[in-house]
Asker: 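Following this message is one structure expressed as structure tokens.
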Amino acid sequence: MAATTTPRPRSPSAKGPLAPAERWFKARGWKPFPFQREVWDAYLAGDSGLIHAATGTGKTYAAWMGPVLEWMAEFPKGAPAKPPPPLRILWITPLRALAADTEAALLAPLTELGLPWTLQSRTGDTSAKIRSRQRTRLPTALVTTPESLALLLSRDDARTLFADLRAVIVDEWHELMGTKRGVQTELALARLRSWRPQMRTWGLSATIGNLDDAREALLGATPGRPPGRVVRGLVPKNIVVDALIPPRIERFPWAGHLGTQMLPQVVDAIEEGETAIVFTNTRSQTEIWYQALLEARPDWAGLIALHHGSLDRAKRDWVEDGLRSGKLRCVVATSSLDLGVDFSPVDRVLQIGSPKGVARLLQRAGRSGHRPGAVSRVTCVPTNVLELIEVAAARDGVEAIAVESRLPVERPLDLLAQHVVTVALGGGFLPDELLAEVRTTGAYAGLLDDEWRWVLDFVTRGGDALRAYPEFQRVVVDDETGRYLVRDKGVARRHRMSIGTIVSDASIAVQYLRGARLGTVEESFVARLNPGDRFVFAGKPLEFVRVRDMTAWVRRTTNTKGLIPRWMGARMPLSGELAASLRARLEEASRGEFRGPEMQAIRPILDVQARWSRIPRADELLIERVKTREGHHLFIFPFEGRLVHEGLAALFAYRISRLTPISFTFSMNDYGMELLSPEAAPLDAALKAGLLSAHNLLQDVPASLNATEMARRQFREIARVAGLVFQGFPHAGKSVKQLQASSGLFFDVFTRYDPGNLLVSQAHREVLERQLESSRLGRTLERLAAGNVVITNPKRTPPLAFPLLVDRTRNAVTSESVTDRVQRMKLVLEKYADTGK
DNA sequence: GACCTGCTGCGGTATG
């Protein structure tokens, strides 16, 4: 390169307040991104805000350097080395594993810039040494989880602990927001802000549909607070969504979700890259695919692994290390690998089965190409013909950045009760002051005076029903000062041990007779086993020996043919965004337009659908009437996700049965539902009578299935969070069955003797919102009522309906329970209406 | 053509 005499202009910030950060970046051959400078400037100006950017694009240092620069500006000539400054920065993350990782990443600038700081994660490394040190003094910067933060707030010296706090950074805020863990974080932030009004809050988030809501929830509803920034980092990386196309579509199944027919293509795809993650939707599916891959490629033994939430932590850590170091060629995983440590060597991501949502697919795609500017690619593997449409729809969603929203949780009173006890422990409170503080959170901004009084009564006297039991009088009022306090040592201990909002599923451990724990399976699975039975778990063929102490003892065997455990997890419905894209793709197909390789491939099947019945347009509700030996089937296709269809099926059955006595058997999936009856249902009359009307929703919708029983089950979480049931000491804990039994007892007692109990109404509300997606259900009915109904009478079961037919044989829901549901729905709706929501 | 779906996450006592 020719020498040039032109002097380079000095960077304007070379001497400014950002200089140390610029120097630090330069030393590593980096250059700050404009958004990083923007955040630093905003921080130094005293602003709070939200940064949204993809992972691996420098948002960590965007958030971290603000407080670092502030400190350096305070000591232009160098800070005194000793003693290290007290807690200034709190870094909140939803994952223990992330805490350790973050700690390592943040340490480098501290040492290189010569800051006399201490930095520790309270979680992650749970060694007794760090714990006891933190009991006396906290580090300058602390990486922690929402639960650990709540524990800190329960210390009686909480206020002095945070006396020097300058900044709180909440990592992965999109993950927390929309859950009770997020609300717990909001409450903690409100507490900290009341002590440190100048404190700055920065959130880090992936792209979601409602970033402004996310910022509001994070920054709180304090009157007169500055609006706060939303800083956009490097977001739309190049993301490629493609698919493995079945070689012979006419031989590809019309139903099913395993997808092992695609094994050869998946093996080829794994071979193309250095390291791959194969995502599946369920835990049992990872076990099945792991075995299948091993069978296809025995030479991959030791090079492939599996990862899901029921595997022992040690095993998962081993897998994550193998992925990070590049020792593993392929890991089959559930969303347990969605978040967390950065696996830079991963260059191939496959998704088996429906992606379910745009955000979810983006998250998974982002696990590859984990460097700024790199291309992220995800390859979808259909497990049945119809999923090809979902792939095309998901790509549309990714291209249009039609990412799902995370809706904030509104005033959960179980968590408020927990928080009130935490604060009573952490120095005590005066009711009016705490109420004002709680109302500065987004979640409780609309908290009613009555609700607040009810919560106070609940923690001090146990509410109306438990008045007679001293153990529920957890908080007492000091006669002289009027402060609410916890005096009882046992109450304090039990409370600290049950802080948090996560309620575990029923499970029992699986362990070698002499040796390592493998993970956990459900009690119901073990109950089916006899000694000597074989099953495959954690990728290992095992022989069941016996159950003792909540542990299933096993020994190794060689025969890989055996049962595979199944876990009853939540049912993820197709997201509203993806469902809309799906309807749009069908609409195109109905006009004879087949864009892209997936739609081209599925064309023969959709031709069958069109010949036998019809391909519905986006504004059409397709209803297929089919008569078989089994009876009269109605197949109805709103394309709104399984949960909504569950509610709709119950509603439709109820409305039809009001016209004529008739009983139905149901099945549903993400596309629609089947109502099967021995006689033909009076469909036309029902439509005329308002089958699809959203009008009488509040009277007609039981909002559904076995609502009381569902609420009763939901109450387990509420009872746990509110502190009604104590889980017991670690390792000697109560079984989940016991917990379910005692929380069920509370539910029954409250329902009968304490009709005003607000936790019971909360259980009903949570069932409606979470398990039945009632607001989406209402919107769906409005959409259906505004569109056209198209009824066809196919001779045979067409492709769209076929999976419903298969599904029903698996788990039939009879309309016996519908009658019960309908009876109960009025109760539910009255309660729902009572809460004013 | 008659065919196996159901995720993730945290925290904690006591020690004669």
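All values below were derived from every heavy atom in this structure, side-chain atoms included, with hydrogens, water molecules and symmetry-related copies excluded. Chain identifiers are assigned alphabetically (A, B, ...) following the order of the sequence lines, protein sequences preceding nucleic acid strands; residue numbering begins at 1 within each chain.
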Asker: Scan A:Phe252 against the nucleic acid and name what it touches under 4.0 Å (heavy atoms): base, sugar-phosphate only, or nothing.
Answerer: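 Base contact.
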Asker: Distance check needed: B:dT8 C1' versus A:Lys180 NZ, whole Å only.
Answerer: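 Checked: the NZ to C1' distance equals 16 Å.
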Asker: To the nearest Å, how far apart are A:His308 NE2 and B:dT5 P?
Answerer: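 Between P of B:dT5 and NE2 of A:His308: 17 Å.
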Asker: Regarding A:Ser284, tell me which of base, sugar-phosphate or nothing describes its non-hydrogen contacts under 4.0 Å with the strands shown.
Answerer: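 The residue A:Ser284 makes sugar-phosphate contact but no base contact.
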Asker: In whole Å, I'd like the distance from the CD atom of A:Glu522 to the C1' atom of B:dG6.
Answerer: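 Result: 10 Å.
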Asker: Indicate yes or no for a side-chain donor-acceptor contact from A:Arg181 to the backbone of A:Pro94 under 3.5 Å, with no hydrogens or angles considered.
Answerer: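 Indeed, once roles are kept as given, a pair shorter than 3.5 Å links the two residues.
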Asker: Think A:Thr145 has a side-chain N or O under 4.0 angstrom from the OP1 or OP2 of B:dG9?
Answerer: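 No, because none of the side-chain N or O atoms of A:Thr145 sits under 4.0 Å from OP1 or OP2 of B:dG9.
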Asker: Assign A:Pro94 to base, sugar-phosphate, or nothing according to its heavy-atom contacts below 4.0 angstrom with the strands shown.
Answerer: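 Contact class for A:Pro94: sugar-phosphate only.
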Asker: Suppose we call a contact any N or O donor and acceptor under 3.5 Å apart; does that hold for the side chain of A:Arg642 and the base of B:dG6?
Answerer: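 A donor-acceptor contact between them is present.
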Asker: Roughly, in whole Å, what's the span from CD1 in A:Ile288 to P in B:dC3?
Answerer: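 So the CD1-P distance, A:Ile288 to B:dC3, works out to 17 Å.
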Asker: Nearest to the A:Ser148 side chain among B:dC4, B:dG6, B:dG11, which nucleotide is it?
Answerer: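 Comparing B:dC4, B:dG6, B:dG11 against the side chain of A:Ser148, the answer is B:dG11.
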Asker: By side chain to side chain donor-acceptor pair (under 3.5 Å), which residues pair with A:Arg625, not counting sequence neighbours?
Answerer: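 Partners of A:Arg625 under the side chain to side chain donor-acceptor pair (under 3.5 Å) test: A:Asn793.
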Asker: To the side chain of A:Ala570, which of B:dT13, B:dC7, B:dT5 is closest?
Answerer: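 The answer is B:dC7.
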Asker: Would you classify A:Ser336 as touching base, sugar-phosphate or nothing, given that sugar-phosphate means primed atoms plus P, OP1 and OP2, and contacts are heavy atoms under 4.0 Å?
Answerer: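 Contact class for A:Ser336: sugar-phosphate only.
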Asker: Check every atom of B:dC4, B:dT5, B:dG6 against the side chain of A:Val806 and return the nucleotide holding the closest atom.
Answerer: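 Of the candidates, B:dC4 comes closest.
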Asker: Between B:dC3 atom C1' and A:Arg251 atom CZ, what is the distance in whole Å?
Answerer: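 Rounding to the nearest Å, CZ of A:Arg251 and C1' of B:dC3 are 14 Å apart.
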Asker: How about A:Ser354 and A:Met572: do any of their side-chain heavy atoms sit closer than 4.5 Å?
Answerer: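 Counting from C-beta outward, A:Ser354 and A:Met572 never come under 4.5 Å.
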Asker: Tell me which of A:Arg181 and A:Pro253 sits closer to the 5' end of DNA chain B, going by the nucleotide each one is nearest to.
Answerer: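 Result: A:Pro253.
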Asker: Considering only B:dG11, B:dC3, B:dC7, which nucleotide approaches the side chain of A:Thr282 most closely?
Answerer: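 That would be B:dC7.
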Asker: Is the ring pair A:Phe535/A:Phe525 parallel, tilted or perpendicular, if the boundaries are 30 and 60 degrees?
Answerer: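 Geometry flag for A:Phe525 against A:Phe535: perpendicular rings.
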Asker: Closer than 4.0 Å, any side-chain N/O of A:Arg96 to the OP1 or OP2 of B:dC10?
Answerer: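 Checking A:Arg96 against B:dC10: at least one side-chain N or O falls below 4.0 Å of OP1 or OP2.
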Asker: Please classify the nucleic acid contact of A:Gly500 as base, sugar-phosphate, or nothing, using heavy-atom distances under 4.0 Å.
Answerer: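 Nothing, no nucleic acid heavy atom in range.
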Asker: Could you list the donor-acceptor pairs under 3.5 angstrom formed by side chains in residues 168-176 of chain A, with sequence neighbours left out?
Answerer:
from	atom 1	to	atom 2	distance (Å)
A:Trp173	NE1	A:Ala214	O	2.9
A:His174	ND1	A:Ala206	N	3.0

Asker: NA contact type, A:Arg316, heavy-atom cut-off 4.0 Å: base, sugar-phosphate, or nothing?
Answerer: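 Here A:Arg316 touches the backbone only, sparing every base.
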Asker: Could you work out which one of B:dC10, B:dG6, B:dC7 sits closest to the side chain of A:Arg360?
Answerer: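 Closest nucleotide to the A:Arg360 side chain: B:dC7.
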Asker: Between A:Glu471 and A:Arg494, does any side-chain N to carboxylate O distance fall below 4.0 Å?
Answerer: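 So A:Glu471 does not pair with A:Arg494 through a salt bridge.
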Asker: Please report, rounded to the nearest Å, how far the C1' atom of B:dT8 is from the CD1 atom of A:Ile277.
Answerer: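 Computing the A:Ile277:CD1 to B:dT8:C1' distance gives 15 Å.
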Asker: Using atom CE of A:Met568 as one end and atom C1' of B:dG6 as the other, report the distance to the nearest whole Å.
Answerer: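 After rounding, the gap between these two atoms is 7 Å.
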Asker: For the pair A:Trp289 and A:Thr280, evaluate side-chain hydrogen bond (donor to acceptor under 3.5 Å, both in side chains) and give the outcome as yes or no after the intermediate values.
Answerer: CA-CA 9 Å; A:Trp289 267 90; A:Thr280 68; over 6 Å; no
Asker: Compare side-chain N and O positions of A:Arg566 against OP1 and OP2 of B:dG6 and report whether any pair is under 4.0 Å apart.
Answerer: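 It does, given that an N or O in the side chain of A:Arg566 lies less than 4.0 Å from OP1 or OP2 of B:dG6.
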Asker: Closest approach to the side chain of A:Met497, judged atom by atom: which nucleotide of B:dG11, B:dG9, B:dT13 is it?
Answerer: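 Nearest to the side chain of A:Met497 among the choices is B:dT13.
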Asker: Nearest whole angstrom, please: distance from the C1' of B:dT5 to the CG of A:Asp807.
Answerer: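 After rounding, the gap between these two atoms is 9 Å.
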Asker: With distance as the sole criterion, do the side chain of A:Ser335 and the base of B:dC7 form a donor-acceptor contact below 3.5 Å?
Answerer: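 Under the 3.5 Å cut-off, the side chain and the base do form a donor-acceptor pair.
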Asker: Closer to the 5' end of DNA chain B via nearest nucleotide, is it A:Trp612 or A:His257?
Answerer: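 Looking at DNA chain B, the more 5' nearest nucleotide goes with A:Trp612.
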Asker: Out of B:dT13, B:dA2, B:dT5, which has the shortest distance to the side chain of A:Lys356?
Answerer: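 Selected nucleotide: B:dT5.
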Asker: Across the strands shown, which category fits A:Arg494 at heavy-atom distances under 4.0 angstrom: base, sugar-phosphate, nothing?
Answerer: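 Answer is nothing: A:Arg494 stays at 4.0 Å or more from every strand.
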Asker: Categorize A:Arg283 for me: base, sugar-phosphate, or nothing, with a 4.0 angstrom heavy-atom threshold over every strand shown.
Answerer: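 Sugar-phosphate contact only - A:Arg283 comes under 4.0 Å of backbone atoms but never of a base.
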